[in-house]
Chemist: 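The structure under discussion is supplied below as structure tokens; questions concerning it will follow.
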2 protein chains.
Amino acid sequence: MKIIYVGDDMNSVETTIINTAITLFAKKGYAATSIRDIASSVDMKSASLYYYMKNKKDLLMLIMDRYLIQLISGAEAELSELNTASADEKLKGLIKYHVRSHGNEQLAALVVDTEYRSLEGNDRIQIKQLRKKYEKIWTNLLEEGESEGVFHFEDKHVSYFAIISLYTCVAHWYRNSGRLSVDEVADKYAILGSNMVLCNK
Amino acid sequence: MKIIYVGDDMNSVETTIINTAITLFAKKGYAATSIRDIASSVDMKSASLYYYMKNKKDLLMLIMDRYLIQLISGAEAELSELNTASADEKLKGLIKYHVRSHGNEQLAALVVDTEYRSLEGNDRIQIKQLRKKYEKIWTNLLEEGESEGVFHFEDKHVSYFAIISLYTCVAHWYRNSGRLSVDEVADKYAILGSNMVLCNK
DNA sequence: GTCTATACGTCGATAGAC
DNA sequence: GTCTATCGACGTATAGAC
């Protein structure tokens, strides 16, 4: 499940630049990555990049915006496919989707997760809203399960943060070269998370 | 439980500079924080800071090194106090200690957690070794509990990363001004984590 | 589209007065 | 101890040739 953005030409220069920026931002951080770093990684001069982008800040915004919009629409699609299932099945499905997305698009997920502090003004507000929209998908599901008597948590907010942080951190430790595939990690994690909130555990 | 480093004079200029650096590194990131930023926050000129430190890189190292050494020795002390307790009690104690440390020294914990990528060469190796030493405390305890038949996990590494990431992320979301005290969060989290690996759940 | 050249600010760090 | 002054490197971004 490689995420393909609508309208992307995977071989275009724009896409190469964006993917290179994602790699460098994830590895060294946005502030420590210079336009010249990105340019030399794609065998161009720094001035040439400005033909494809407005400035460095907009490049970061493009990356974060795209990933979050993709993540949200994918989560909504996943839940709508499961709309007749139990809350527990929906939670497992959502966890698997989240882990797969964070595993397959690991570098972009890392940028989204670590570079929020690099945003200012309206950019920050815009990304905050997208994050809140995604969080809402999870909290709605937890509340749905609770009102159906399927889930129980001593403290809703603590459980919510526990689940969200557990699954987001996958992007920080998962290694593609490791023992487990993304799908295997997703399956194992779905059980862990379900156990955390399920009533009859 | 405010962590006091041995030999610190809490009112010294050095300490003020270090605490200011921790705050700025946590908020904006190491690369995005200039020496002039730190200096103006402590009402000095940038040149004056060099009377107290060798360079910017060493300031970051000092912060990360101190926090990790403190974290490790505190965890060891916690476990040695509990050396006659069950593995489950030890795990709960370790979780509580970790959450309290990450809650009380939140900014330093964030710097340690997010600025590893800003280190190079021997600095990186040195911090990596400290992190591994701390991780070893946790994995030893999980293995001890498993061999005693108290803990069970389908996949040791996945469970280990789940627990570690769950508890480290506390530093990312905890707000001192919020509804819960650090101790309350620590207690609630200890139950969650224990449930994840306990046999008779 | 990609380049060379460059403007202009800010960076980390040092020299040396007080 | 703290300052002013300054160095040289490097940052983003633009102008304009090809």
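Each chain gets a letter, A, B and so on, in the order the sequences are listed, and its residues count up from 1.
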Chemist: Output one letter per nucleotide in nucleotides 4-17 of chain C: B when a protein non-hydrogen atom lies under 4.0 Å from the base, S when only the sugar-phosphate is that close, - when neither is.
Modeler: B------BBBBB--

Chemist: Can you tell me which residue pairs pass the salt bridge (Lys or Arg N to Asp or Glu O under 4.0 Å) test with a partner in residues 75-92 of chain A, sequence neighbours excluded?
Modeler: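 Output for this query lists A:Asp88-A:Lys92, A:Lys90-A:Glu144.
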
Chemist: What side-chain donor-acceptor pairs closer than 3.5 Å can you find for residues 108-115 of chain A, not counting sequence neighbours?
Modeler:
residue  : atom : partner  : partner atom : Å
A:Asp113 : OD2  : A:His172 : NE2          : 2.7
A:Thr114 : OG1  : A:Leu110 : O            : 2.8
A:Glu115 : OE1  : A:Ser118 : OG           : 2.7
A:Glu115 : OE2  : A:Tyr30  : N            : 2.8
A:Glu115 : OE2  : B:Arg117 : NH2          : 2.9

Chemist: Rounded to whole angstrom units, what separation is found between the CG atom of B:Leu49 and the P atom of D:dT2?
Modeler: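 Roughly 10 Å, once rounded to whole Å.
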
Chemist: Less than 6.0 angstrom separating the ring centers of A:Tyr189 and A:His102, yes or no?
Modeler: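 No, ring centres 6.0 Å or more apart.
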
Chemist: Taking A:Tyr174 for its side chain and A:Val185 for its backbone only, find out whether a donor-acceptor pair lies under 3.5 Å.
Modeler: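 No, because the side chain of A:Tyr174 does not come within donor-acceptor range (under 3.5 Å) of the backbone of A:Val185.
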
Chemist: Taking the six-membered ring for Trp, are B:Trp173 and A:Phe161 parallel (under 30°), tilted (30 to 60°) or perpendicular (over 60°)?
Modeler: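 The arrangement is parallel - the two ring planes meet at less than 30°.
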
Chemist: Whether B:Tyr52 contacts D:dT2 is assessed here as follows: a side-chain N or O lying under 4.0 Å from the phosphate OP1 or OP2. Is that the case?
Modeler: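 B:Tyr52 to D:dT2 OP1/OP2: side-chain N or O found under 4.0 Å.
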
Chemist: Between B:Tyr51 and D:dG1, is there a contact of a side-chain N or O with OP1 or OP2 at under 4.0 Å?
Modeler: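 Affirmative; the distance criterion is met.
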
